[in-house]
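Chain identifiers are assigned alphabetically (A, B, ...) following the order of the sequence lines, protein sequences preceding nucleic acid strands; residue numbering begins at 1 within each chain.
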Protein chains: 2
Amino acid sequence: MTAKPSRQPTEDRQAEIVLTLLRLAAGRSALDITTSDIAQAMNLSQGALFRHFPTKEAMRLAVVAWIETELLQRLDAARASASSPVDALRAMFLAHVDFFIAHPGVPRFIFGELQQADRTPLKERVRELMARYRERLAAVLDAASAAGLIRPGTDHAAAAALFLGAIQGLVIQSMVSGSVDGMRAQAEAVFGLYVQGLEAQP
Amino acid sequence: MTAKPSRQPTEDRQAEIVLTLLRLAAGRSALDITTSDIAQAMNLSQGALFRHFPTKEAMRLAVVAWIETELLQRLDAARASASSPVDALRAMFLAHVDFFIAHPGVPRFIFGELQQADRTPLKERVRELMARYRERLAAVLDAASAAGLIRPGTDHAAAAALFLGAIQGLVIQSMVSGSVDGMRAQAEAVFGLYVQGLEAQP
DNA sequence: CTTGCAAGTGAGTGATTACTTACTTGCAAG
DNA sequence: CTTGCAAGTAAGTAATCACTCACTTGCAAG
């Protein structure tokens, strides 16, 4: 299963470290993962990691960058493929859920960073990610409003908050139950309920 | 500000440790809080803590027990004071939000425990708490259904999930922004949107 | 008074962790 | 070939943490 050809360029090792960290984060809290854990999972000595990242924080920063790129790309693709703003909301919702079903370490990692107290650069980065997410939601909600698809007078900030909350609720539920079984089906039901409160009456 | 009369019975110290731990958890991740931090916040030597709890895990377990008692009590009081099932949902929602506005350490603490991987007794305890919460939600939703107040065919599991998600979304938003300002106002807006998707049409 | 014990102190202790360093090894260009 | 350097190793190191232990102190009952 193992038997990597050893000796690999820094660029490849950096990517490998990011994916390994994320994979391990699916199982336990990201902050509890030691550099020894990562090295062991890569069949590498612990010291070797520091040839590719100066500190452990730099590794976590690279993980956030990876998540940001991947998630926003999926959201944009989902929106682009939709035929109406309300359809775009559904596509983005399910794309997000599918993303963390495919990478269960992602939400655990993000939550771990958010719990950090201070203004660490890492938390700042997560804050940026969420801000961009909200921008995209606001754009779709505005478009839906303009098309008369959602009730007039709807509070867009509340609609965005409930959208994110619905996803976070599903994530937390999977963390409590320890499994993602049935998650996608429930995601569809929850989104249906969400959009019911949003849509204009026929 | 300090100057406690030293020498206090174990029972009082246990309660003090729980509240101190919770107070410190408002600022940083609960798992990062050391026994030295707690002792210092209590004007006590670190070793003294272990006269009152055998391990740090026992302290955290006591915190969960405190949260469970307080939260469920508030939920039950909120429900009892409401005049209809839908009103009960609103009262429970706002009671929960008010609870963590009053004790910002609570959600941080719970999230921290949930992130733990294994079947630790602590995580099991949190799971129980959430199960009891869901029981109460299910009871109110059933009552609302029986009274014809919510749309026929509504998925109760999804409704409960979205209810919890709405709250968790507000919590996470406050963790991102680092403040609870405007939280209650937004809680009312979010609940309004939630209940709009739920209520039967006139 | 005294005396017994719960409560507190402060100096350990071993385990763990991120990071360093002195040294080795493979590989590709000259 | 050789030679220079990026990539890897293994054994540190200082810091931190939960927990222990030998000892002290205040307090309340007899």
Side-chain angles (χ1 to χ4, degrees), chain A residues 2-21 24-25 27-64 109 112-113 115-118 120-122, chain B residues 2-21 24-25 27-64 109 112-113 115-118 120-122:
Chain A
T2 56
K4 275 278 171 62
S6 297
R7 199 57 75 93
Q8 285 190 289
T10 284
E11 198 170 281
D12 293 1
R13 285 297 196 201
Q14 284 177 339
E16 196 182 352
I17 289 170
V18 165
L19 291 179
T20 303
L21 186 41
L24 293 177
R28 48 190 180 291
S29 166
L31 292 166
D32 292 350
I33 297 168
T34 68
T35 50
S36 295
D37 292 333
I38 301 171
Q40 195 174 350
M42 290 174 65
N43 284 333
L44 216 59
S45 74
Q46 187 231 7
L49 295 183
F50 293 92
R51 296 260 172 242
H52 310 298
F53 284 108
T55 64
K56 192 183 175 188
E57 192 185 19
M59 300 177 201
R60 298 204 313 238
L61 214 69
V63 171
V64 176
F109 189 92
E113 297 304 333
Q115 264 171 344
Q116 227 65 0
D118 337 325
T120 133
L122 244 159
Chain B
T2 55
K4 275 279 173 59
S6 296
R7 199 58 75 95
Q8 285 190 288
T10 283
E11 199 171 280
D12 294 1
R13 284 298 196 200
Q14 285 177 339
E16 196 183 353
I17 289 171
V18 165
L19 291 179
T20 302
L21 187 41
L24 294 177
R28 48 187 181 291
S29 166
L31 293 166
D32 291 350
I33 297 167
T34 67
T35 51
S36 296
D37 293 334
I38 301 171
Q40 194 174 350
M42 291 174 65
N43 285 333
L44 215 60
S45 73
Q46 187 230 7
L49 295 183
F50 293 92
R51 295 260 172 242
H52 311 298
F53 284 107
T55 64
K56 192 184 175 188
E57 192 184 20
M59 300 177 201
R60 298 203 314 237
L61 213 70
V63 171
V64 176
F109 188 91
E113 297 304 333
Q115 265 173 344
Q116 228 65 359
D118 336 326
T120 131
L122 246 160

Would you mind reading off the distance between [X] atom [atom1] and [N] atom [atom2], rounded to a whole angstrom?
| X | N | atom1 | atom2 | value |
| --- | --- | --- | --- | --- |
| B/Leu31 | D/dC17 | CG | C1' | 13 Å |
| A/Arg7 | C/dC27 | CZ | P | 7 Å |
| B/Leu49 | D/dC17 | CG | P | 14 Å |
| B/Met42 | C/dT9 | CE | C1' | 15 Å |
| A/Glu16 | D/dA7 | CD | P | 13 Å |
| A/Gln14 | D/dA6 | CD | P | 14 Å |
| A/Gln8 | C/dC27 | CD | C1' | 14 Å |
| A/Asp32 | D/dA18 | CG | P | 13 Å |

Do [X] and [Y] touch side chain to side chain, with heavy atoms closer than 4.5 Å?
| X | Y | value |
| --- | --- | --- |
| A/Asp32 | B/Gln115 | no |
| B/Leu61 | B/Phe53 | no |
| A/Leu31 | A/Arg60 | yes |

TODO: May I ask you to verify whether the side chain of B/Gln46 and the base of D/dA18 hold a donor-acceptor pair under 3.5 Å?
DONE: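 Indeed there is one.
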TODO: Record whether the side chain of A/Arg51 comes under 3.5 Å of the base of D/dG8 through a donor-acceptor pair of N or O atoms.
DONE: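 Counting by modelled atom types and ignoring angles, a donor-acceptor contact under 3.5 Å is found here.
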Between [options], spot the one nearest the side chain of [X], thanks.
| X | options | value |
| --- | --- | --- |
| B/Leu44 | C/dA18, D/dG8, C/dT9 | C/dT9 |
| B/Ser45 | C/dT20, D/dT9, C/dG10 | C/dG10 |
| B/Thr34 | D/dC17, C/dA18, D/dG8 | D/dC17 |

Task: Counter-base of D/dC19, judged by Watson-Crick or G-U geometry with both distances under 3.5 Å - done: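 WC or wobble partner is C/dG12.
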Open item on the list: Could you identify the nucleotide paired to D/dA29, looking across every strand shown and requiring Watson-Crick or G-U wobble geometry with both distances under 3.5 Å?
Closed with: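 Base-paired to C/dT2.
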Would you say [X] places a side-chain N or O within less than 4.0 Å of OP1 or OP2 belonging to [N]?
| X | N | value |
| --- | --- | --- |
| B/Ser6 | D/dT25 | no |
| B/Arg13 | C/dG8 | yes |
| A/Thr35 | C/dA18 | yes |
| B/Thr55 | D/dA18 | no |
| A/His52 | D/dG8 | yes |

Open item on the list: Under a 3.5 Å distance rule, please check whether B/Gln14 uses its side chain to pair with a backbone N or O of B/His52 as donor and acceptor.
Closed with: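 Side chain of B/Gln14 to backbone of B/His52, a donor-acceptor pair under 3.5 Å: yes, one is there.
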Open item on the list: How close do A/Thr20 and A/Ala41 get, counting heavy atoms only, and between which atoms?
Closed with: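 Heavy atoms only, the tightest pair is CG2-CB, 3.7 Å.
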